[in-house]
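Model, not experiment: these values are computed from the prediction. A, B, ... follow the sequence lines: proteins, then strands. Residue 1 opens every chain.
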Number of protein chains: 2
Amino acid sequence: MVRADVPLMTDDLLEETTPDIPPGYQRMNWFQGFGRAIGPLYELDHADGSYVRAFLVCEHHTNGMKNCHGGMLMAFADMALGHAVTMQTNRFWVTVRMVTDFVDAAHVGDWVEGTGTIAASEDDFFTVQGRIWSGPKVIMTATGVFKALGIRPQRKRPQ
Amino acid sequence: MVRADVPLMTDDLLEETTPDIPPGYQRMNWFQGFGRAIGPLYELDHADGSYVRAFLVCEHHTNGMKNCHGGMLMAFADMALGHAVTMQTNRFWVTVRMVTDFVDAAHVGDWVEGTGTIAASEDDFFTVQGRIWSGPKVIMTATGVFKALGIRPQRKRPQ
(Lines give C-alpha, C1' and ligand atoms only; values in the text may rest on other atoms or scores of the structure.)
Protein backbone atom coordinates (compact mmCIF):
# COMPACT_ATOMS: atom_id res chain seq x y z
CA MET A 1 0.00 0.00 0.00
CA VAL A 2 1.34 3.40 -0.94
CA ARG A 3 0.49 6.07 1.57
CA ALA A 4 0.52 9.64 0.39
CA ASP A 5 2.09 10.87 3.62
CA VAL A 6 5.12 8.57 3.49
CA PRO A 7 7.91 9.38 1.01
CA LEU A 8 8.55 6.62 -1.50
CA MET A 9 12.29 7.16 -1.17
CA THR A 10 14.55 8.40 1.52
CA ASP A 11 17.31 10.74 0.42
CA ASP A 12 19.32 10.29 3.61
CA LEU A 13 22.16 8.68 1.74
CA LEU A 14 22.29 10.97 -1.28
CA GLU A 15 24.89 13.63 -0.74
CA GLU A 16 23.48 15.57 -3.67
CA THR A 17 20.40 16.33 -1.53
CA THR A 18 22.11 16.95 1.79
CA PRO A 19 20.45 19.97 3.40
CA ASP A 20 22.37 23.22 3.34
CA ILE A 21 24.01 24.08 6.65
CA PRO A 22 24.61 27.78 7.40
CA PRO A 23 28.20 28.87 6.69
CA GLY A 24 30.78 28.62 9.46
CA TYR A 25 29.30 25.59 11.22
CA GLN A 26 31.34 22.43 11.63
CA ARG A 27 29.71 19.05 12.01
CA MET A 28 30.65 17.57 15.35
CA ASN A 29 32.93 14.58 15.10
CA TRP A 30 30.71 12.19 17.08
CA PHE A 31 30.68 8.63 15.83
CA GLN A 32 29.31 6.59 18.72
CA GLY A 33 26.85 6.56 21.55
CA PHE A 34 24.01 8.99 22.18
CA GLY A 35 25.69 11.76 20.18
CA ARG A 36 25.56 9.66 17.04
CA ALA A 37 22.02 8.45 17.72
CA ILE A 38 20.56 11.94 17.97
CA GLY A 39 23.02 13.72 15.64
CA PRO A 40 24.31 15.20 13.54
CA LEU A 41 25.02 18.27 15.65
CA TYR A 42 26.93 21.31 14.47
CA GLU A 43 29.04 23.91 16.17
CA LEU A 44 30.40 27.40 15.59
CA ASP A 45 33.06 28.49 18.09
CA HIS A 46 34.19 32.11 18.21
CA ALA A 47 37.63 33.33 19.27
CA ASP A 48 36.13 35.29 22.19
CA GLY A 49 34.83 32.07 23.78
CA SER A 50 31.23 32.48 22.64
CA TYR A 51 29.72 29.73 20.51
CA VAL A 52 26.57 28.33 18.94
CA ARG A 53 25.63 24.67 18.72
CA ALA A 54 22.91 23.65 16.27
CA PHE A 55 20.99 20.86 14.61
CA LEU A 56 18.51 20.44 11.78
CA VAL A 57 15.23 18.92 13.01
CA CYS A 58 14.93 15.57 11.19
CA GLU A 59 12.42 12.72 11.34
CA HIS A 60 14.41 10.95 14.07
CA HIS A 61 13.95 13.96 16.36
CA THR A 62 10.16 14.19 16.10
CA ASN A 63 7.25 13.54 18.42
CA GLY A 64 3.81 12.37 17.34
CA MET A 65 2.92 15.89 16.22
CA LYS A 66 5.93 16.02 13.84
CA ASN A 67 7.55 18.68 16.01
CA CYS A 68 10.92 18.25 17.64
CA HIS A 69 10.42 16.01 20.68
CA GLY A 70 10.77 17.76 24.02
CA GLY A 71 13.28 15.12 25.05
CA MET A 72 15.48 16.05 22.10
CA LEU A 73 15.28 19.72 23.02
CA MET A 74 16.30 18.85 26.59
CA ALA A 75 19.20 16.70 25.42
CA PHE A 76 20.31 19.45 23.05
CA ALA A 77 20.05 22.03 25.85
CA ASP A 78 22.37 19.89 27.96
CA MET A 79 24.93 19.84 25.14
CA ALA A 80 24.43 23.49 24.20
CA LEU A 81 24.79 24.86 27.74
CA GLY A 82 27.47 22.47 29.01
CA HIS A 83 29.75 23.51 26.17
CA ALA A 84 30.23 26.86 27.94
CA VAL A 85 32.25 24.96 30.57
CA THR A 86 34.39 23.34 27.87
CA MET A 87 35.01 26.70 26.22
CA GLN A 88 36.07 28.37 29.46
CA THR A 89 38.00 25.54 31.13
CA ASN A 90 38.78 22.87 28.49
CA ARG A 91 37.67 20.33 31.09
CA PHE A 92 35.24 17.44 30.89
CA TRP A 93 32.04 17.99 32.85
CA VAL A 94 28.96 16.25 34.14
CA THR A 95 25.51 17.75 34.50
CA VAL A 96 24.26 18.30 38.03
CA ARG A 97 20.94 20.05 37.38
CA MET A 98 19.02 21.34 34.40
CA VAL A 99 15.97 23.58 34.39
CA THR A 100 14.34 23.69 30.96
CA ASP A 101 11.41 25.92 30.03
CA PHE A 102 9.58 25.02 26.84
CA VAL A 103 8.60 28.24 25.09
CA ASP A 104 7.69 27.24 21.53
CA ALA A 105 7.81 24.30 19.12
CA ALA A 106 10.46 23.51 16.48
CA HIS A 107 9.29 21.78 13.32
CA VAL A 108 10.85 19.29 10.94
CA GLY A 109 13.33 21.17 8.75
CA ASP A 110 13.93 23.95 11.27
CA TRP A 111 17.53 24.90 11.98
CA VAL A 112 17.71 25.04 15.78
CA GLU A 113 20.53 26.87 17.55
CA GLY A 114 21.56 27.14 21.18
CA THR A 115 24.19 28.75 23.34
CA GLY A 116 25.03 29.39 26.99
CA THR A 117 27.02 31.79 29.13
CA ILE A 118 28.55 31.16 32.53
CA ALA A 119 26.62 33.19 35.08
CA ALA A 120 28.58 32.06 38.13
CA SER A 121 31.17 29.55 39.25
CA GLU A 122 32.47 28.25 42.56
CA ASP A 123 35.11 25.58 42.94
CA ASP A 124 34.29 23.03 40.23
CA PHE A 125 30.64 24.06 39.80
CA PHE A 126 29.47 26.27 36.95
CA THR A 127 26.00 27.79 36.54
CA VAL A 128 25.18 28.38 32.88
CA GLN A 129 22.25 30.32 31.47
CA GLY A 130 21.23 29.40 27.95
CA ARG A 131 18.73 29.75 25.21
CA ILE A 132 17.58 27.68 22.23
CA TRP A 133 16.05 29.36 19.21
CA SER A 134 15.17 28.93 15.55
CA GLY A 135 15.35 32.09 13.48
CA PRO A 136 13.59 34.83 15.46
CA LYS A 137 11.65 32.32 17.59
CA VAL A 138 12.78 31.33 21.10
CA ILE A 139 12.22 27.58 21.59
CA MET A 140 13.53 27.05 25.12
CA THR A 141 15.22 28.87 27.97
CA ALA A 142 17.38 26.87 30.34
CA THR A 143 19.71 27.05 33.30
CA GLY A 144 22.23 24.32 34.02
CA VAL A 145 24.63 23.51 36.82
CA PHE A 146 27.68 21.54 35.70
CA LYS A 147 30.60 20.05 37.59
CA ALA A 148 33.96 20.27 35.82
CA LEU A 149 36.18 17.17 35.77
CA GLY A 150 39.63 16.50 34.28
CA ILE A 151 41.34 18.35 31.46
CA ARG A 152 40.28 17.36 27.93
CA PRO A 153 42.82 16.06 25.42
CA GLN A 154 43.47 18.13 22.32
CA ARG A 155 40.38 18.17 20.15
CA LYS A 156 40.27 16.33 16.85
CA ARG A 157 38.44 18.24 14.17
CA PRO A 158 36.29 16.50 11.53
CA GLN A 159 38.19 15.23 8.52
CA MET B 1 42.80 -3.17 11.96
CA VAL B 2 41.15 -5.15 14.73
CA ARG B 3 40.78 -3.22 17.93
CA ALA B 4 40.40 -5.17 21.13
CA ASP B 5 37.78 -2.77 22.50
CA VAL B 6 35.40 -3.05 19.54
CA PRO B 7 33.30 -6.22 19.25
CA LEU B 8 33.90 -8.14 16.03
CA MET B 9 30.18 -8.83 15.73
CA THR B 10 27.08 -7.05 16.78
CA ASP B 11 24.29 -9.20 18.14
CA ASP B 12 21.65 -6.52 17.72
CA LEU B 13 19.79 -8.58 15.17
CA LEU B 14 20.00 -11.99 16.81
CA GLU B 15 16.84 -12.65 18.78
CA GLU B 16 18.56 -15.55 20.51
CA THR B 17 20.72 -13.05 22.36
CA THR B 18 18.08 -10.41 23.10
CA PRO B 19 18.57 -9.22 26.68
CA ASP B 20 16.10 -10.44 29.25
CA ILE B 21 13.48 -7.86 30.20
CA PRO B 22 11.89 -8.13 33.65
CA PRO B 23 8.50 -9.86 33.61
CA GLY B 24 5.39 -7.73 33.16
CA TYR B 25 6.95 -5.05 30.96
CA GLN B 26 5.62 -4.39 27.48
CA ARG B 27 7.80 -2.90 24.78
CA MET B 28 6.33 0.40 23.66
CA ASN B 29 4.93 0.35 20.17
CA TRP B 30 6.99 3.26 18.83
CA PHE B 31 8.14 2.88 15.26
CA GLN B 32 9.08 6.38 14.19
CA GLY B 33 10.63 9.64 15.30
CA PHE B 34 12.59 10.29 18.45
CA GLY B 35 10.95 7.39 20.31
CA ARG B 36 12.37 4.91 17.84
CA ALA B 37 15.78 6.62 17.75
CA ILE B 38 16.31 6.39 21.51
CA GLY B 39 14.26 3.24 22.14
CA PRO B 40 13.28 0.62 22.85
CA LEU B 41 11.36 1.76 25.91
CA TYR B 42 9.23 -0.47 28.08
CA GLU B 43 6.20 0.08 30.26
CA LEU B 44 4.34 -1.55 33.09
CA ASP B 45 0.92 -0.03 33.83
CA HIS B 46 -0.96 -0.97 36.98
CA ALA B 47 -4.74 -1.00 37.38
CA ASP B 48 -4.56 1.65 40.11
CA GLY B 49 -3.06 4.18 37.67
CA SER B 50 0.52 3.79 38.85
CA TYR B 51 3.12 2.74 36.30
CA VAL B 52 6.80 2.27 35.58
CA ARG B 53 8.58 3.10 32.33
CA ALA B 54 11.99 1.60 31.69
CA PHE B 55 14.86 1.07 29.27
CA LEU B 56 18.04 -0.96 29.10
CA VAL B 57 21.11 1.28 28.75
CA CYS B 58 22.60 0.37 25.36
CA GLU B 59 25.55 1.71 23.38
CA HIS B 60 23.36 4.26 21.58
CA HIS B 61 22.50 5.86 24.95
CA THR B 62 26.06 6.40 26.14
CA ASN B 63 28.31 9.39 26.68
CA GLY B 64 32.09 9.39 26.33
CA MET B 65 32.45 7.72 29.73
CA LYS B 66 30.25 4.77 28.66
CA ASN B 67 27.56 5.87 31.09
CA CYS B 68 24.04 6.76 30.05
CA HIS B 69 24.19 10.27 28.56
CA GLY B 70 22.57 12.97 30.67
CA GLY B 71 20.52 14.01 27.67
CA MET B 72 19.05 10.50 27.45
CA LEU B 73 18.17 10.59 31.14
CA MET B 74 16.45 13.95 30.63
CA ALA B 75 14.52 12.68 27.61
CA PHE B 76 13.51 9.56 29.52
CA ALA B 77 12.43 11.69 32.49
CA ASP B 78 10.15 13.67 30.19
CA MET B 79 8.53 10.44 28.99
CA ALA B 80 8.44 8.83 32.42
CA LEU B 81 6.85 11.79 34.21
CA GLY B 82 4.53 12.94 31.43
CA HIS B 83 2.92 9.51 31.32
CA ALA B 84 1.27 10.33 34.66
CA VAL B 85 -0.93 12.80 32.75
CA THR B 86 -1.84 10.13 30.19
CA MET B 87 -2.72 7.66 32.95
CA GLN B 88 -4.95 10.13 34.76
CA THR B 89 -6.59 11.93 31.82
CA ASN B 90 -6.00 9.86 28.64
CA ARG B 91 -5.11 13.16 26.97
CA PHE B 92 -2.15 14.16 24.86
CA TRP B 93 0.20 16.61 26.56
CA VAL B 94 3.12 18.91 25.97
CA THR B 95 5.92 19.66 28.38
CA VAL B 96 6.02 23.17 29.83
CA ARG B 97 8.91 22.89 32.27
CA MET B 98 11.24 20.19 33.53
CA VAL B 99 13.60 20.34 36.48
CA THR B 100 16.03 17.42 36.46
CA ASP B 101 18.54 16.68 39.21
CA PHE B 102 21.32 14.25 38.34
CA VAL B 103 22.00 12.08 41.37
CA ASP B 104 24.04 9.13 40.08
CA ALA B 105 25.22 7.48 36.86
CA ALA B 106 23.63 4.58 34.96
CA HIS B 107 25.97 2.23 33.13
CA VAL B 108 25.68 0.18 29.94
CA GLY B 109 23.56 -2.86 30.70
CA ASP B 110 21.69 -1.23 33.59
CA TRP B 111 17.91 -1.58 33.62
CA VAL B 112 16.69 1.96 34.33
CA GLU B 113 13.16 2.61 35.59
CA GLY B 114 11.16 5.75 36.18
CA THR B 115 7.75 6.87 37.34
CA GLY B 116 5.84 9.98 38.32
CA THR B 117 2.87 11.04 40.41
CA ILE B 118 0.66 14.08 39.96
CA ALA B 119 1.33 16.47 42.82
CA ALA B 120 -1.09 19.17 41.72
CA SER B 121 -3.28 20.23 38.80
CA GLU B 122 -5.10 23.37 37.78
CA ASP B 123 -7.08 23.76 34.58
CA ASP B 124 -5.02 21.95 31.94
CA PHE B 125 -1.72 22.13 33.85
CA PHE B 126 -0.33 19.18 35.80
CA THR B 127 2.70 19.20 38.10
CA VAL B 128 4.33 15.78 38.28
CA GLN B 129 7.02 14.64 40.70
CA GLY B 130 9.13 11.76 39.53
CA ARG B 131 12.14 9.62 40.07
CA ILE B 132 14.48 7.52 37.92
CA TRP B 133 16.37 4.61 39.44
CA SER B 134 18.27 1.43 38.68
CA GLY B 135 17.97 -1.30 41.29
CA PRO B 136 18.49 0.35 44.67
CA LYS B 137 20.27 3.36 43.17
CA VAL B 138 18.48 6.67 42.52
CA ILE B 139 19.70 8.12 39.19
CA MET B 140 17.63 11.30 38.91
CA THR B 141 14.88 13.21 40.65
CA ALA B 142 12.66 15.44 38.56
CA THR B 143 9.63 17.69 38.57
CA GLY B 144 7.69 18.44 35.42
CA VAL B 145 4.85 20.74 34.45
CA PHE B 146 2.73 19.46 31.59
CA LYS B 147 -0.19 20.94 29.69
CA ALA B 148 -2.90 18.47 28.70
CA LEU B 149 -4.29 18.65 25.15
CA GLY B 150 -6.96 16.62 23.32
CA ILE B 151 -8.20 13.13 24.15
CA ARG B 152 -6.03 10.25 22.93
CA PRO B 153 -7.45 7.60 20.60
CA GLN B 154 -7.67 4.05 21.86
CA ARG B 155 -4.21 2.67 22.39
CA LYS B 156 -2.79 -0.02 20.14
CA ARG B 157 -0.78 -2.58 22.00
CA PRO B 158 2.34 -4.22 20.52
CA GLN B 159 1.66 -7.21 18.29
Exercise for the section: Would you check if the side chain of R27(A) reaches a backbone N or O of P40(A) as a donor-acceptor pair within less than 3.5 Å? Expected result: no

Problem - Side-chain donor/acceptor of H60(A) to backbone N/O of G39(A), under 3.5 Å - result: yes

Exercise for the section: Please lay out, stage by stage, how F146(B) and L81(B) fare under the test side chain to side chain contact (heavy atoms under 4.5 Å, CB included). Expected result: CA-CA 9 Å; F146(B) 303 92; L81(B) 272 64; 3.9 Å; yes

Inter-residue atom distance [X].[atom1] - [Y].[atom2], 0.5 Å rounding:
X: H107(B); Y: M65(B); atom1: NE2; atom2: CE; result: 10.5 Å
X: M74(A); Y: M72(A); atom1: CE; atom2: CE; result: 12.5 Å
X: E59(B); Y: K66(B); atom1: CD; atom2: NZ; result: 5.0 Å
X: H83(B); Y: E43(B); atom1: NE2; atom2: CD; result: 3.5 Å
X: L41(A); Y: L56(A); atom1: CG; atom2: CG; result: 11.0 Å

Fill in the blank from the handout: Answer key: most heavy-atom pairs under 4.5 Å with chain A among A75(B), G64(B), A142(B) is A75(B)

Exercise for the section: Look at atom CG of D20(A) and say whether more than 12 heavy atoms of other residues, nucleotides or ligands are closer to it than 6.0 Å. Expected result: no

Problem - Sorted by number, residues from residues 119-140 of chain B in contact with chain A (heavy atoms, under 4.5 Å) - result: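 Residues qualifying by a heavy atom under 4.5 Å from chain A are absent, so none.
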
Handout entry: Interface residues of residues 88-105 of chain B facing chain A - heavy atom cut-off under 4.5 Å
Key =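 Under the 4.5 Å heavy-atom cut-off, V94(B), T95(B), V96(B), R97(B), M98(B), V99(B), T100(B), D101(B), F102(B) qualify.
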
Problem - Engaged part of I38(B) at the chain A interface, taking heavy atoms whose separation is under 4.5 Å - result: side chain

Practice task
Mind telling me whether Y25(A) and W111(A) have parallel, tilted or perpendicular rings, with 30° and 60° as the class edges?
Solution key: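 The rings of W111(A) and Y25(A) stand perpendicular, inter-plane angle above 60°.
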
